[in-house]
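For reference, the structure is listed below as structure tokens.
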Amino acid sequence: MPEPTIATTAAESLVADERARSAERARRADSRRRLLQNAGVVIPFVIVLLIGLFAVPNFASSSNVTNMLVNAGILAIVGFGMTVVIAIRGIDLSVGSAQALAACVAAATVNAAGPVAGIAAGIAVGVGLGLFNGVLVSHLRVPGFIATLSTLSVFRGLVLLFTGGAPIMIVSSNFKSVATATLLGIPVPFILAVIFGLLALFVLDRMRVGKHVVAVGGSPESAVDSGISVRRVQLLAYLVSGASAGVAGVLLASQLGAVNGSISSGLELQVIAIVVLGGTSLAGGRPRIIGTFVAALLLSMINSGLNLLNVPSFYQYVALGALLVFALSIDGVQRAAVKRMLQGRLS
């Protein structure tokens, strides 16, 4: 067997060095991506918290903290469903209208048949609307953006038809106490959000269906080649989103004590903002449940601080738009980091 020449040895050394450099570039790109995912929501959260504590009167009062936690809990529950949808490269623009319809149906049913029936009716409405969206996307092959943009209008129209343009006043004190009840000083909606978040983490990280969600979001074509039913995953994702909107709608009705046809308008932008800011990429892939939860707290603090400072509502829309732009910018930088990472591994 011929002994290796000096030239061959040098060439092999160069190849090994280049592979090591490529691996190092990939490692650095992956580190930057993870840093951006965490810093993109943690740094604004810390900044807003400090500003609130030191510059906003009554920001840390018990009543305001309770209100912030209730609002964050309701928003986070909707956000968990949207996180799953965005993770499979979808979008659900109808969550605001779905939440509104669930809240109105829950309120009317509470008045007619009691709290238990109202809660069940509100959640059932959310599940049904999510199932409808899922069928449109998975079986009728309507793009998620177009499907849910259409159902946003359809569901809102149903809300207006159901209410007749008049508010529904909830008479049950037991139902209205659901959103205001506390356990060890922590509001029930916030506790429910934590429970749902932990459940979502377990399902997405430990169960087969969670791995299917990640696979479909990463590459639908590869998922099909692996024997995964993309249609089933899409249907399930939109079903979860609808169910989340239903649960949040019930809690919102309990919190407000009265609902009308205009509630939850613009909710879809808030939910998309917290999901993307929390680290779930619009390009699909791994869902970031904890990031969504922290971003919901962040947005709740921003809204509360602006309200305490008596900032006009249109400035709050400006703040939400700026937060969404920031979230999308972070998402773009993350995707660029992933691209460089892949290039580093392939080179």
Side-chain angles (χ1 to χ4, degrees), residues 37 76-95 97-99 101-102 123-152 154-155 195-248 268 271-272 274-276 278-293 331 334-335 338-339 342:
Q37 284 178 334
I77 289 172
V78 186
F80 296 149
M82 181 72 82
T83 300
V84 178
V85 171
I86 290 180
I88 64 164
R89 302 188 181 188
I91 196 77
D92 188 353
L93 299 177
S94 69
V95 289
S97 299
Q99 177 176 299
L101 186 55
I123 296 174
V125 167
V127 171
L129 299 181
L131 181 62
F132 183 74
N133 282 335
V135 170
L136 287 178
V137 174
S138 63
H139 288 75
L140 300 183
R141 302 300 181 92
V142 181
F145 180 87
I146 301 299
T148 58
L149 181 63
S150 302
T151 55
L152 177 155
V154 172
F155 298 164
I195 293 173
F196 289 152
L198 292 174
L199 179 62
L201 273 175
F202 176 79
V203 172
L204 292 170
D205 288 345
R206 300 292 182 180
M207 298 184 66
R208 178 179 297 179
V209 65
K211 299 182 186 302
H212 289 179
V213 167
V214 175
V216 171
S219 174
E221 296 79 9
S222 299
V224 171
D225 294 339
S226 300
I228 297 173
S229 174
V230 174
R231 287 187 181 185
R232 185 179 303 168
V233 173
Q234 290 175 330
L235 181 64
L236 179 62
Y238 282 94
L239 181 62
V240 169
S241 182
S244 299
V247 172
E268 54 279 347
V271 177
I272 293 171
I274 65 169
V275 172
V276 178
T280 303
S281 175
L282 288 171
R286 182 169 294 279
R288 304 289 174 179
I289 296 296
I290 295 178
T292 297
F293 184 77
D331 180 53
Q334 288 179 15
R335 289 157 66 178
V338 171
K339 183 178 180 180
L342 293 175

- [ ] With sequence neighbours left out, write down each residue that passes side-chain contact (heavy atoms from CB on, under 4.5 Å) with Leu199, or none if nothing qualifies.
- [x] Val203

Task: Gap between atom CZ of Phe80 and atom CG of Leu201 - 0.5 Å precision - done: 8.0 Å

- [ ] May I have all residue pairs that pass side-chain hydrogen bond (donor to acceptor under 3.5 Å, both in side chains) and include part of residues 223-232, sequence neighbours excluded?
- [x] none

- [ ] State whether the number of non-hydrogen atoms from other residues, nucleotides or ligands found under 6.0 Å of Ile290 atom CD1 is greater than 12.
- [x] no

Task: All side chain to side chain donor-acceptor pair (under 3.5 Å) counterparts of Ser222, not counting sequence neighbours - done: Ser219

Open item on the list: Would the distance check show the side chain of Tyr238 and the main-chain N or O of Val233 forming a donor-acceptor pair, the cut-off being under 3.5 Å?
Closed with: no

Task: Short side-chain to backbone donor-acceptor contact, Arg89 and Gly217, under 3.5 Å - done: yes

Task: Side-chain heavy atoms of Pro287 within contact of Val214, under 4.5 Å - done: yes

Task: Taking every non-hydrogen atom, the tightest pair across Ile88 and Ala237 - done: CD1-CB, 3.5 Å

Task: Side-chain (Ser150) to main-chain (Ile146) donor-acceptor, under 3.5 angstrom - done: yes

- [ ] Could you walk me through whether Leu235 and Leu131 pass side-chain contact (heavy atoms from CB on, under 4.5 Å), step by step?
- [x] CA-CA 7 Å; Leu235 181 64; Leu131 181 62; 3.8 Å; yes

Open item on the list: Is the shortest side-chain heavy-atom distance between Ser97 and Leu152 below 4.5 Å?
Closed with: yes

Open item on the list: Applying side chain to side chain donor-acceptor pair (under 3.5 Å), can you list everything that pairs with Ser94, at least two apart in sequence or on another chain?
Closed with: Asp92, Asn133

TODO: Grab the two heavy atoms, one from Ala98 and one from Ala245, that are nearest each other, plus how far apart they are.
DONE: CB-CB, 4.1 Å

TODO: Please examine the side chains of Ile272 and Met82, heavy atoms only from C-beta on, and report whether any two atoms are closer than 4.5 Å.
DONE: yes

- [ ] For Phe293, enumerate each residue passing the ring pair (Phe, Tyr, Trp, His ring centres under 6.0 Å) test, keeping only those at least two apart in sequence or located in another chain.
- [x] Phe190

TODO: Output every pair passing salt bridge (charged side-chain N to carboxylate O under 4.0 Å, His left out) with a member in residues 201-220, not counting sequence neighbours, ordered by first then second residue.
DONE: Asp205-Arg286

TODO: Report the distance from atom CD1 of Ile123 to atom OG of Ser244, rounding to the nearest 0.5 Å.
DONE: 10.5 Å

Open item on the list: If I compare all heavy atoms of Ala248 with all of Val78, which pair ends up nearest, and what's the gap?
Closed with: CB-CG2, 3.2 Å

- [ ] List the steps, then state whether side-chain contact (heavy atoms from CB on, under 4.5 Å) holds for Phe132 with Val154.
- [x] CA-CA 12 Å; Phe132 183 74; Val154 172; 5.8 Å; no

Task: Nearest non-hydrogen partners of Val230 and Ala223, listed with the distance - done: CG2-CB, 4.3 Å

